[in-house]
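Notes to accompany the following structure.
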Amino acid sequence: MAGRSPGLSTGAPVVGVLALQGDFREHIAVLDSLGADARPIRRPEELAEVAGLVIPGGESTVMDKLARAFGLADPLKAAISSGMPVYGTCAGLIMIADRVLDAIAGQQSLGGLDISVRRNAFGSQLDSFETDLDIPALGAPPVHAVFIRAPIVEEAGAGVRTLASLSDGRVVAVEQGNLLGTSFHPEMTGDTRFHEYFLAKVRSA
Amino acid sequence: MAIVLRKQRGIREAIVSNTESTASINPNELGSSRVKRGLAEMLKGGVIMDVVTAEQARIAEDAGAVAVMALERVPADIRSQGGVARMSDPDLIDSIIAEVSIPVMAKARIGHFVEAQVLQALKVDYIDESEVLSPADYVNHIDKWPFTVPFVCGATNLGEALRRINEGAAMIRSKGEAGTGDVSEATKHIRTIRSEIAALSAKSHDELYVAAKELQAPYELVLEIARTGKLPVVLFTAGGVATPADAALMMQLGADGVFVGSGIFKSGDPAKRAAAIVKATTFFDDPAVIAETSRGLGEAMVGINVADLAAPHRLSERGW
């Protein structure tokens, strides 16, 4: 493998899915179905092989602890600042946010997205819900979105583009350069447009 | 009527693949099967820890628990103290919900739908209809479809898992033998469920009718398992996990994640052991990591060999 450019060896983009905890297998299945070469990432040397990264849904506090304990946090930060396309869903959105509200003591994010994100912004599991979202960047029909103890974007810097909001105006999908984040879980519904949108970033990166 | 509609939809969702279009679902729908099962999907690869105080919940969250199970006595104490074990005091559950930001689960007795109603009113994130507590109904389990909160239920084999899913369980845990620190029953139950799924996958279509009869499970669910080769909900293991290697064993046997009950807070150094079990669950296939996390954990919980337990004291035989 040495000497090959990550992601360009076979034509299929090589993308990683952070596999410390959460629904990483669902992301791998969606990415594979779209023609990507998707791989679970738990170690720095695995990260070095990929041209893009998805951070899945799960528990952000657990991902943070494991990423730091196993020497993955700093390589992840370096990859983000070097411009690697990264897509975070739910806990993944929290991981790539610069600022986390309602974090536990000592919780750190990788950062990159100039946003403040609030964990569990809707309440308990009883408040988890499904809804349809109009997302102009993805065209018609609306995206059916599943929110599970989901975060929201409470504040975003000038360079951040809002991709989707709820009917009450709360922001639930954003992008900034090569970083893409959603409060909800496109990997659960069979609608592949967000993953295609992410893979387009990987292909043109 | 709403309950009936939800039940019908839930069964349909149990049958169809989860990639089917859901364009007909109304905006902002709460408590759908996808939302209930979805939270369990987000817990995968994680460790759910039994806690009996807010302080223990804090230790669990800080150690990397993906959720906590709030209860008054861990199974080892229920086992040694005896008596009727019931739902926890609401004040205890409130204090644990207030302490942590990760999901909080709580146990209701088998068939005790009012305890479940109370737990939903307390806004727990998941209800465990659990054989660790004393059953309230020796015939019926809770009808779980009308609830907005999701349920996890125990199972010792595939038929039992499918009966619970048919009643609305959104997550299954193999039972093991809680409160023993003996992992052998957990091993038996996860192996049984996995091998029964594999056996269904190998059957021809005309054999599935009898298979459903033998499993005492709905034909539609049996057909789905035969087609997909997996349960339609997340499968964790529980009951006897006490060490990082135990947790990794469960993961290598195909569990989606691990419940640890008495094994953490009945050990010598709970914070360290909890963190070690979390690491071993993520790196379950890496013996070097498991070895490293297994060092210097202090005393494991004092165990009970399941073979030494008289049959009436085996919790896994509660539920049917």
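Predicted model, so just to flag it, every value in this text is computed and none were measured. The sequence lines fix the lettering, A, B, ..., with proteins before strands; numbering per chain opens at 1. Note: hydrogens, waters and symmetry copies are ignored here, and every other heavy atom, side chains too, is used.
- Rounding to the nearest 0.5 angstrom, the gap separating the CD1 atom in Ile104(A) from the CD1 atom in Ile102(B) is 7.5 Å.
- Proximity to chain B involves both the backbone and the side chain of Asp23(A), based on heavy atoms less than 4.5 angstrom apart.
- The contact between Ala63(B) and chain A is made entirely by backbone atoms, counting heavy-atom distances below 4.5 Å.
- Using a 4.5 Å cut-off between heavy atoms, Phe24(A) makes no contact with chain B at all.
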Next item on the list: Go through Glu26(A) and Lys44(B) one step at a time and tell me if the salt bridge (Lys or Arg N to Asp or Glu O under 4.0 Å) criterion holds.
Entry: CA-CA 11 Å; Glu26(A) 284 64 26; Lys44(B) 286 191 298 192; 2.7 Å; yes
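- A salt bridge links Asp125(B) with Arg149(A); the closest basic N to acidic carboxylate O contact falls under 4.0 Å.
- Scanning all heavy atoms of the two residues, the minimum distance from Val66(B) to Glu59(A) falls at CG2-CB, 3.6 Å.
- Proximity to chain A is absent for every atom of Tyr126(B), based on heavy atoms less than 4.5 angstrom apart.
- Met42(B) and Met188(A) make their closest contact through CE-SD, 3.6 Å (heavy atoms, listed as atom of the first residue, atom of the second, distance).
- Using a 4.5 Å cut-off between heavy atoms, Ala65(B) contacts chain A through its backbone alone, with no side-chain atom that close.
- The environment of NZ in Lys77(A) is crowded: more than 12 heavy-atom neighbours from other residues, nucleotides or ligands sit within 6.0 Å.
- Atom CD of Glu187(A) is separated from atom CD of Glu41(B) by 9.0 Å, given to the nearest 0.5 angstrom.
- Smallest separation of non-hydrogen atoms from Leu30(B) and Phe129(A): CD2-CB, 3.8 Å.
- In terms of non-hydrogen atom pairs under 4.5 Å with chain B, the most contact-rich of Leu126(A), Ile148(A), Val62(A) is Leu126(A).
- Atom CZ of Arg194(B) has 12 or fewer heavy atoms from other residues, nucleotides or ligands within 6.0 Å.
- Only the side chain of Val289(B) has a heavy atom closer than 4.5 Å to any heavy atom of chain A.
- Side-chain contact between Val35(B) and Gln125(A) is present, with heavy atoms from C-beta onward closer than 4.5 Å.
- Interatomic distance, Gln21(A) CD to Leu43(B) CG, rounded to the nearest 0.5 Å: 7.0 Å.
- For a residue to count as touching a neighbouring chain, one of its non-hydrogen atoms must lie under 4.5 Å from one of that chain's; by this rule Asp127(A) touches chain B with the backbone only.
- At a 4.5 Å heavy-atom cutoff, Ala103(A) makes no contact with chain B through either its backbone or its side chain.
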Margin query: Using side-chain contact (heavy atoms from CB on, under 4.5 Å), reason through Gln107(A) and Asp62(B) one step at a time and then give a plain yes or no.
Written below: CA-CA 9 Å; Gln107(A) 182 175 355; Asp62(B) 287 343; over 6 Å; no
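- In this structure, Phe113(B) places its CZ atom where only 12 or fewer heavy-atom neighbours from other residues, nucleotides or ligands lie under 6.0 Å away.
- Between chain A and the options Gly45(B), Gly64(B), Ser101(B), the largest number of non-hydrogen pairs under 4.5 Å is found for Ser101(B).
- Atoms OG and CD, from Ser128(A) and Glu29(B) in turn, are 12.5 Å apart once rounded to the nearest 0.5 Å.
- Using a 4.5 Å cut-off between heavy atoms, Thr61(A) touches chain B through its side chain atoms alone.
- The contact between Leu66(A) and chain B is made entirely by side chain atoms (from C-beta outward), counting heavy-atom distances below 4.5 Å.
- Using modelled atom types, one finds no donor on one side chain facing an acceptor on the other under 3.5 Å when comparing Arg42(A) with Thr282(B).
- Lys279(B) approaches Ala69(A) most closely through the heavy-atom pair CE-CB, 3.9 Å.
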